[in-house]
Number of protein chains: 2
Amino acid sequence: MDFRLKAPSHSDESSLRQQVFNHILEAVLSGRFKPGEPLIELKLAEELGVSRTPIREALRQLEYEGLVSSIPNKGVIVNGISETDIEEIYAIRELVEGLAVKWAAERISEQQRRDLEETFELMCFYTRKKDYQQLAKYDARFHNLLFDSCQSKVLRHILRMLMRYVEHARIGSFRVTERAEQALEEHRAILEAVLEGSAEKARDLMTMHIKNALVNLMEQRKVSEKRDQAKERDQA
Amino acid sequence: MDFRLKAPSHSDESSLRQQVFNHILEAVLSGRFKPGEPLIELKLAEELGVSRTPIREALRQLEYEGLVSSIPNKGVIVNGISETDIEEIYAIRELVEGLAVKWAAERISEQQRRDLEETFELMCFYTRKKDYQQLAKYDARFHNLLFDSCQSKVLRHILRMLMRYVEHARIGSFRVTERAEQALEEHRAILEAVLEGSAEKARDLMTMHIKNALVNLMEQRKVSEKRDQAKERDQA
DNA sequence: TGTTGTATAATTGTATACAATTATACCGTA
DNA sequence: TACGGTATAATTGTATACAATTATACAACA
């Protein structure tokens, strides 16, 4: 496949570094680059049709976001993520996202109220239609709006890194499907609490939402594992 | 002043990028580079006697750690930090560092127990001697050991970013001095709770420790402000 | 005087060249 | 065959050159 950038693919005017970052990010999150796999600058540069400079900068950014590890003078490899990691990530999420919605309930602006309600309506719509592609998109937007509503640069920064870990943890699972209806109701409850300014209630609801999401994720991983093992048996 | 690197200053064998990073970091944290001040790559490169490449990489790292902001095609400027920011940082610290010591109490290794106790002894020593330079050094080591003891790569990553913010928040304050004795007792209590494996107790003690540290920091800032205002009056 | 346009300079973004380091393959020797 | 050493290749680290973008100064004009 030809991944060369600056093609008029979506006529992006963002910097090459950002495009390269997005490309490698997508490759890692989709599992095309597997854990332990070394990322060679020159190879990536040729593949994407750019020089090593933007590649290096993108790799550094990926390192700071925790997706790859870099060993000086040797190179960078894709990070794997263990079950323990996932449990830890979700434990941290409970606290930090809990704080985020608490602050959001206290500080949200009028415009953000409207945006959140609008986005939630779309989530309802796509849940009914069972269009999980679109649902995932608006789910992400919902959470981002919520995080912006807490009006905190610092918390936003922490959350950004944390959410990258979460995305990484989700590799290979189906994301929504059967839990979609339940998740929607949880989102509805959180939204209501935020809009009526019930900070503690919003936090507790978010904590519970994340607990449930973890249980669901772990179950999905078990399913995926069994499916993979079956596949291996078939090949043998 | 001549800041050129690779001089046999401390015969560091770390990469230039890391040296440059440390240099700029120190300049920002010490207040030599002031909030809003633009950081020009070429100027820094000449000042430090290296090319722009390691400068750029160091600036990117500083950006990810929240100390500077970069606007594409324009440049990077030093970030300021408001009172609100500080309060938010400390609120996040309460949760995250609280979780950290909780896990540390559950997971600490034998070697780490010994290291922590040893470091704490040194903190006692330098508190008695009122050598606040050395005390600050071992205080930082104490916290780092504590964070390592929770054996969590993810939490370590979050804490790293958070502590950078904390250091940034502390700009211009005296750090320890009069609160040293009280802080030492708080540290002693946390250490005991961790060593005896009382996870919840350790977390609550850490929460209280951070609350106190915030109060102290805010008071010191008020003192600094008044001092600065007096200085300005004198100059006028 | 104030505004706008344009030339110039300053600065960042990207590509390439070179240096330093690390990995690999091959050969000789016991 | 197993081991060690050396030459070679592969890869990262740094410097420099060039392109693209943005800021600045200054003149022309209303």
Side-chain angles (χ1 to χ4, degrees), chain A residues 2-25 27-28 33-34 36-64 67-79, chain B residues 2-25 27-28 33-34 36-64 67-79:
Chain A
D2 183 6
F3 290 120
R4 271 173 302 175
L5 303 179
K6 353 187 215 192
S9 50
H10 23 28
S11 60
D12 230 325
E13 55 177 290
S14 63
S15 69
L16 277 188
R17 171 186 137 244
Q18 206 55 47
Q19 289 183 53
V20 170
F21 174 83
N22 288 332
H23 180 91
I24 304 180
L25 175 69
V28 171
F33 289 161
K34 296 194 173 42
E37 185 172 342
L39 298 181
I40 311 293
E41 294 175 5
L42 199 62
K43 238 158 75 183
L44 286 169
E46 283 170 359
E47 224 172 87
L48 304 185
V50 299
S51 80
R52 277 175 56 214
T53 311
I55 302 279
R56 280 181 69 84
E57 302 201 336
L59 288 177
R60 286 275 138 72
Q61 185 170 351
L62 286 163
E63 185 186 359
Y64 296 128
L67 290 145
V68 305
S69 291
S70 157
I71 301 162
N73 284 315
K74 294 192 113 180
V76 333
I77 57 169
V78 178
N79 280 341
Chain B
D2 183 5
F3 290 120
R4 270 174 303 176
L5 302 180
K6 356 186 212 193
S9 49
H10 21 28
S11 60
D12 230 324
E13 55 177 293
S14 64
S15 70
L16 278 187
R17 170 184 137 245
Q18 206 54 47
Q19 289 183 54
V20 170
F21 173 83
N22 288 331
H23 180 92
I24 305 180
L25 175 69
V28 172
F33 289 161
K34 296 193 173 43
E37 185 173 343
L39 299 180
I40 312 293
E41 295 176 5
L42 198 63
K43 238 158 73 183
L44 287 168
E46 283 170 0
E47 224 172 87
L48 304 185
V50 299
S51 80
R52 276 176 56 215
T53 311
I55 301 279
R56 280 181 70 84
E57 303 201 336
L59 288 177
R60 286 276 138 72
Q61 185 170 351
L62 286 163
E63 185 186 359
Y64 296 128
L67 290 142
V68 304
S69 291
S70 157
I71 301 162
N73 284 316
K74 296 192 111 180
V76 333
I77 58 170
V78 178
N79 280 341

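Proteins come first, then strands; the chains are lettered A, B, ... in the order of their sequence lines, and each starts at number 1.
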**Student:** Holding to salt bridge (Lys or Arg N to Asp or Glu O under 4.0 Å), I want the full list of residues that pass it with R17(A), two or more places apart in sequence or in another chain.
**Tutor:**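 Counting only residues at least two positions away or on another chain, R17(A) forms no salt bridge (Lys or Arg N to Asp or Glu O under 4.0 Å).
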**Student:** Under 4.0 Å: is that the gap between some side-chain N or O of S51(B) and OP1 or OP2 of dA15(D)?
**Tutor:**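 For S51(B), the contact criterion (side-chain N or O under 4.0 Å from OP1 or OP2 of dA15(D)) is met.
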**Student:** dT14(D) C1' sits how many Å from Q19(B) CD, rounded?
**Tutor:**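 Between C1' of dT14(D) and CD of Q19(B): 13 Å.
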**Student:** So which heavy atom on L59(B) is nearest to which on E41(B), and how close?
**Tutor:**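 Distance-wise, the nearest heavy atoms are CD1-CG, 3.9 Å.
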**Student:** In whole angstrom, give the distance that lies between atom CD1 of I55(A) and atom P of dT14(C).
**Tutor:**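 So the two atoms are 11 Å apart, to the nearest Å.
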**Student:** Please tabulate the protein-to-nucleotide N/O contacts below 3.5 Å involving nucleotides 7-13 of chain D, giving atom names and distances.
**Tutor:**
unit_1: dT12(D); atom_1: OP2; unit_2: E41(A); atom_2: N; d: 3.2
unit_1: dT12(D); atom_1: O3'; unit_2: N73(A); atom_2: N; d: 3.4
unit_1: dG13(D); atom_1: OP1; unit_2: N73(A); atom_2: N; d: 3.1
unit_1: dG13(D); atom_1: OP2; unit_2: R56(A); atom_2: NH1; d: 2.9
unit_1: dG13(D); atom_1: OP2; unit_2: R56(A); atom_2: NH2; d: 3.2
unit_1: dG13(D); atom_1: N7; unit_2: R52(A); atom_2: NH2; d: 3.0
unit_1: dG13(D); atom_1: O6; unit_2: R52(A); atom_2: NH1; d: 3.1

**Student:** Within the 4.5 Å heavy-atom criterion, are V20(A) and V50(A) side-chain neighbours or not?
**Tutor:**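 Side chain of V20(A) against side chain of V50(A), heavy atoms only: contact under 4.5 Å found.
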**Student:** So do F33(B) and L44(B) actually touch side chain to side chain, heavy atoms under 4.5 Å?
**Tutor:**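 L44(B) reaches F33(B) side chain to side chain.
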**Student:** When you compare the side chain of L67(A) with that of L25(A), does any pair of heavy atoms fall below 4.5 Å?
**Tutor:**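 The answer is yes; the side chains approach within 4.5 Å.
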